[in-house]
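These notes concern the structure reproduced below.
All values below come from the heavy atoms of this structure, side chains included, with hydrogens, waters and symmetry mates left out. Every number for a ligand or one of its atoms is a count from 1 in the order of the listing. Bear in mind that the values here come from a model prediction, so they are computed numbers and not experimental data.
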Amino acid sequence: MLERRAAGRVPPKPHLRQRSATGEVIYEECLTRAGFEGAFSMLYHEHRPHEAKPAELGAQFTASVVVPATTLLRRHYRCGELAAGSGAAEGRTALLVNRDVTVGFLKPSREDTFYVANADGDELFFVLEGGGTLRSPFGELAFERGDYVHVPKGVLHRFLPAAGAAQAWLWLEFAGALRLPRAYRNDVGQLKMDAPYSHRDFRAPVFAGPRDDAIDTLAVKRRGTWHGYRLRGSPLDVVGWDGAVYPFVLPIAAFSPRVGQVHLPPPVHATFEAPGALVCSFVPRPLDFHPEANPVPYPHSSVDVDEVLFYANAAFSSRRGVEAGSLSHHPAGITHGPHPGAYENPTPEKWTDEVAVMLDCSAPLDPTRAALGIEDAGYHASFSA
Ligand SMILES: [Fe+2]
């Protein structure tokens, strides 16, 4: 994870006694990942960090009803058919679920009217359409189409989608910590020269505190249940911060793809990893360059993972019938591959404009009832049509 010290009044090391210019004690708030053994960030308040008391939640959150799959099928869901509406916290729809990860989708149409802290896991959004700002005690984090937006577990925040823009975001929630793949980092955690992105590709929040936007409701998610709290004091009453846990943005276009003489397996596009899950980025690139290469994937069965592919455009020569915002799920145990006819193409393409987010999951995924409502019923049979 990247380290960043916010501009402002932060001490050289955390947990030093300090006072504001007017003599007030500056209180520290510690946000830790993996307890005191892992990465952390310190938030500095001129006043005591916000306090909260239990309160009824006015917001209605979407419940996920999981429907265990009884028939092993390649499945395809058209997320664009989901209704738009409400804020990012309330409006998300879970589609595929296992013990490690939730895959969902949302089309937020307005700002969150309360703050959220997800104590169940790290979250990663991929912005298919739209953009906006993530507001947190760390500051303002602007994002746009094509960005990954990472919100660490427990970070208090709310989303402010850009007004007037159509919004469509992929949502991933991980039970374990999201991190950059170990293979890209050296022994002290820095990105290596052959990593597919660099430190400068990651954007941190622009610190904007202290501020008070007069929102006193906090929704905390823990063990799958939302708990309401009424805040006393602004959660944005922060004069600086320091540390290594904070929201960040990574544009998918910053990912530098690898290309081989012949087909390289998708994990070569690994971008983030979490226990039981691997997130890969497919971006425009030259295709396999051996003179005899057939630049479409071979039919295959990933025997150890369920594969999810979220299409950010429809430029997939190996698969017809997909569209921006559609999501395929190929369970372990049965084969999948190019569309019938793709292998026989007499003029293989040299370049692909495809953009997609792939997710490999160790544990089997089950669809939710909402997913079954937007399923493309003919998808499984399309592999042999
Ligand atoms: Fe695959």
Do we see a donor-acceptor contact under 3.5 Å between the side chains of Y148 and S281?
-> yes

Just checking, is any N or O donor in the side chain of S382 or H339 under 3.5 Å from an acceptor N or O on the other one?
-> no

H300 near the Fe ion (ligand 1) via N/O/S, less than 2.8 Å = yes

Looking at H336, the N/O/S atom that lies nearest to the Fe ion (ligand 1) is called NE2

Do T368 and S64 get their side chains close enough for a donor-acceptor pair, meaning under 3.5 Å?
-> no

Looking at E307, pick out the N, O or S atom nearest to the Fe ion (ligand 1) and give its name.
-> OE1

Is a side-chain donor-acceptor pair under 3.5 Å present for D213 with Y115?
-> yes

